[in-house]
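Step one of this worksheet: look at the structure below.
Hydrogens, waters and symmetry mates play no part in the numbers below; they use all other heavy atoms, side chains included.
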Amino acid sequence: MFGISGWTRRPGGRLPRLSPAERQVWDAYPAGTWVDLRTGDKDADDPAEGAGWGPERTVRAEVIAALLLGAREPEPGRTAGLRLAGARVTGVLDLSDATLTGKLHLLNCHLSETVSLTDATTSGVRFRGCEMERVRAARCTVNGLLELDGSTVHSGIRLDNAHVTGQFRLSRSRLHAPGERSRASESRLEDVRRPFTETEMRERGLDQSQWAVWAGGLTVEGGAFMRDMRVTGGLRFIGAKFHGGVYLQRSVITATGPHAVRADFMESGAAEFSAGFTATGVIRMRGARVNGVLSFDGATLEAPGRALHLSHAQVEELILNPASIKGEVNLGYSRIGVLLDNPAAYPDGVQLTGLTYESLRGHWTVAERLDWLDRDPDGYKPQPYEQLASWFRRIGHEPDARRVLLAKQRRRRGTLKPTGRVWGRLLDFVVGYGYRPWLAGLWVAVLLTLGTVVFGAVRPAQIDPDEVRSFQPFVYTLDLLVPVSVFEQRGAWEPVGWTQWLAWTLVASGWILATALIAGAARVLRPSGNS
């Protein structure tokens, strides 16, 4: 007699209480061969209708668990494994805490209750095109592929702190958040002497009602392929590590809470939210690190308030060319190598304070980049202007850098007190805050011309008639403009009549121009970062 998990082997190898379908699975396991219970009729084999399949296609979950837990030895020279297609699996498939050597591969099966791999170690798990209630695999280790391609999971997937050494596949899957059922199912874990608060429920991962995938701390060594998914609920990847990248092209996520994706502190080789990716809800990746491309090319993002939260992140290259976006973008305090974007990517504002980048790409004019800086809902901050000017200088566009810094001073002027605003306007009008020194030359030329013409027509009176002097209107005007008399014309000639006002205006203008030039030069020569 040999007992494993309640199963007893009789002489001759026959087992009691096994249906014909279960006996096929039992006999096929040692050699790892397939058992296909499908009829060949596509509609009849749809696992969504699996609840109505009869006993000829029904296999109890405890039979599968017994085999994977060692009820049968592998056939010599073969690799044991459970490969089953077109079955209705009844009961909870509980493999928690187990170490499984045989692979589990279910195809087009209907699993009416939870699959639990919590704290298990397995060589590979595949659920392809299955209809499933819930998957719980917290802290499990999968030494190989973890696949749910094409499957429908009605009450969410839990993978927090799991480790997958191969690929993680969810392409073409249909995922749903568990709703209030998750709280009810986890409530039995509560300490009756001290029930959890709402905050503790969230912190302990007991309130997963808004998350179709709860996978904080998940590590995937290979790629995580989640293309063409349809998700009702959110994806929670806080602290997850996707060394081979994560790929969600063409997936559609409709959040049932505020977040469609929450991936704070996620690390990934690449991240593709592109090629038709659609999210209704916030994409939050605060503190994320992407060592390759983070792409939203062709994506549709929509959320009330903020659509994309990418602050404090480190990204090698960010492609922000969405097909449509409704909501604010936050790039504050992030470090980006290459930023490829377009003006339409920020229709509802963008937070840029603290953002640094090595290179900008995209079809932008300088005016559009300045408008980009003006879209910050927090108002004027000097750093984004300094960063943009620094980039223009780095690529050799000094005139564009000066234009950005001039725009910075004009925005700053709006934050000053009335006296500061008046002086700022004067500096701007006269010398463009020092970034347009040619304006001073233009003013000097205009005033010199005006004075030369006027004083040539209305000659000033000589103060000392006995002194022999030759009057030159140009030199006289120039001497009035220079703050300190150089040509000694002021003391020799006295303007007459209304020309006295012109002379006083020239003297005052000379002082203003000189002061503005000095102030502008000091501002230009001041180290970057000081306002």
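- Note: W372 and Y346 have tilted aromatic rings, judged against thresholds of 30 and 60 degrees for the angle between ring planes.
- Within the 4.5 Å cutoff, no side-chain heavy atoms of D400 are placed close to those of R369.
- For S173 (side chain) and V153 (main-chain N/O), no donor-acceptor pair under 3.5 Å exists by modelled atom type.
- Here CZ of R174 is found 8.0 Å from CG of D228. Values are rounded to the nearest 0.5 Å.
- A side-chain donor from one of S311 and H309 sits under 3.5 Å from a side-chain acceptor of the other.
- Checking side-chain atoms of T280 against main-chain N and O of T254 turns up no donor-acceptor pair under 3.5 Å.
- In this structure, the side chains of L159 and V164 stay at 4.5 Å or more apart for every pair of heavy atoms.
- Looking only at side-chain heavy atoms (C-beta outward), L360 and L388 come within less than 4.5 Å of each other.
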Run the numbers on E368 and H363 for side-chain contact (heavy atoms from CB on, under 4.5 Å), then give the verdict. CA-CA 10 Å; E368 286 172 332; H363 302 291; over 6 Å; no

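- Between A275 and R250, the shortest heavy-atom distance links the atoms O-CG, 2.9 Å.
- Pairing each heavy atom of P178 with each of S155, the nearest pair is CB-O, 3.3 Å.
- The side-chain hydrogen bond (donor to acceptor under 3.5 Å, both in side chains) with R139 is formed by just one residue from the set T121, N161, D119, T118; it is D119.
- Judged by distance alone, with hydrogens and angles left aside, the side-chain atoms of T165 form a donor-acceptor pair with the main-chain N or O of G144 at under 3.5 Å.
- Using modelled atom types, no side-chain atom of W214 and backbone atom of R136 make a donor-acceptor pair closer than 3.5 Å.
- Smallest separation of non-hydrogen atoms from S209 and A177: O-CB, 3.3 Å.
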- Task: Step by step, work out the side-chain contact (heavy atoms from CB on, under 4.5 Å) result for L331 and L318.
- Result: CA-CA 11 Å; L331 300 178; L318 173 61; 4.1 Å; yes

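- For the pair V329/L320, a side-chain contact is recorded, criterion being any heavy-atom separation below 4.5 Å from C-beta on.
- For the salt bridge (charged side-chain N to carboxylate O under 4.0 Å, His left out) test with D264, the passing option among R284, R286, R289 is R284; the others fail.
- Note on ring orientation: taking the six-membered ring where Trp is involved, the planes of H154 and H176 are parallel (angle under 30°, cut-offs 30° and 60°).
- By the 30° and 60° cut-offs, the orientation of the rings of F273 relative to F296 is parallel.
- Side-chain contact between L148 and M132 is present, with at least one heavy-atom pair separated by less than 4.5 Å.
- Counting heavy atoms from C-beta on, the side chains of S324 and T300 come closer than 4.5 Å.
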- Task: For the pair I157 and R134, evaluate side-chain contact (heavy atoms from CB on, under 4.5 Å) and give the outcome as yes or no after the intermediate values.
- Result: CA-CA 6 Å; I157 300 172; R134 180 163 171 76; over 6 Å; no

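- The list of salt bridge (charged side-chain N to carboxylate O under 4.0 Å, His left out) pairs with a residue in residues 294-312, not counting sequence neighbours, reads R306-E328.
- Y247 pairs with exactly one of F168, F242, F225 by the ring pair (Phe, Tyr, Trp, His ring centres under 6.0 Å) rule, that one being F225.
- Within 6.0 Å of atom CZ in F265, more than 12 heavy atoms from other residues, nucleotides or ligands are found, so the atom counts as buried in its surroundings.
- Applying the side-chain hydrogen bond (donor to acceptor under 3.5 Å, both in side chains) rule to T219 yields no partners; only residues at least two apart in sequence or on another chain are considered.
- Although no hydrogens or angles enter the test, the distance criterion places no donor-acceptor pair under 3.5 Å between the side chain of T278 and the main chain of V252.
- For E272, the salt bridge (Lys or Arg N to Asp or Glu O under 4.0 Å) test picks out no residue, with sequence neighbours left out.
- Under a 3.5 Å cut-off, the side chain of D149 and the backbone N or O of R128 do not form any donor-acceptor pair.
- Proximity of S359 to R394: side-chain heavy atoms (C-beta onward) are nowhere separated by under 4.5 Å.
- For the pair Q383 (side chain) and G354 (backbone), a donor-acceptor distance under 3.5 Å is present.
- The heavy-atom pair separating Y385 from V404 by the smallest distance is O-CG1, 3.4 Å.
- Distance check, rounded to the nearest 0.5 Å: CD1 of I283 to CG of L310 gives 10.5 Å.
- Note that CD1 of I238 and CE of M266 are 12.0 Å apart. Values are rounded to the nearest 0.5 Å.
- With rounding to the nearest 0.5 angstrom, the OG1 atom of T122 is 10.5 Å from the CG atom of L145.
- Taking NZ of K408 as the start and CG of L373 as the end, the distance is 11.5 Å to the nearest 0.5 Å.
- Remark: side-chain polar atoms of S251 are paired, donor with acceptor, to backbone N or O of M226 under 3.5 angstrom.
- What you find for M229 and L170 is that their closest heavy atoms are CG-O, 3.2 Å.
- S151 contributes a side-chain N or O that, together with a main-chain N or O of F127, makes up a donor-acceptor pair within less than 3.5 Å.
- For W211 against R236, the heavy-atom pair with the smallest separation is CE3-CB, 3.5 Å.
- At a threshold of 4.5 Å between non-hydrogen side-chain atoms, the residues E147 and Q167 do not count as touching.
- Between the OG atom in S334 and the NE2 atom in H312 there is a gap of 7.5 Å [rounded to 0.5 Å].
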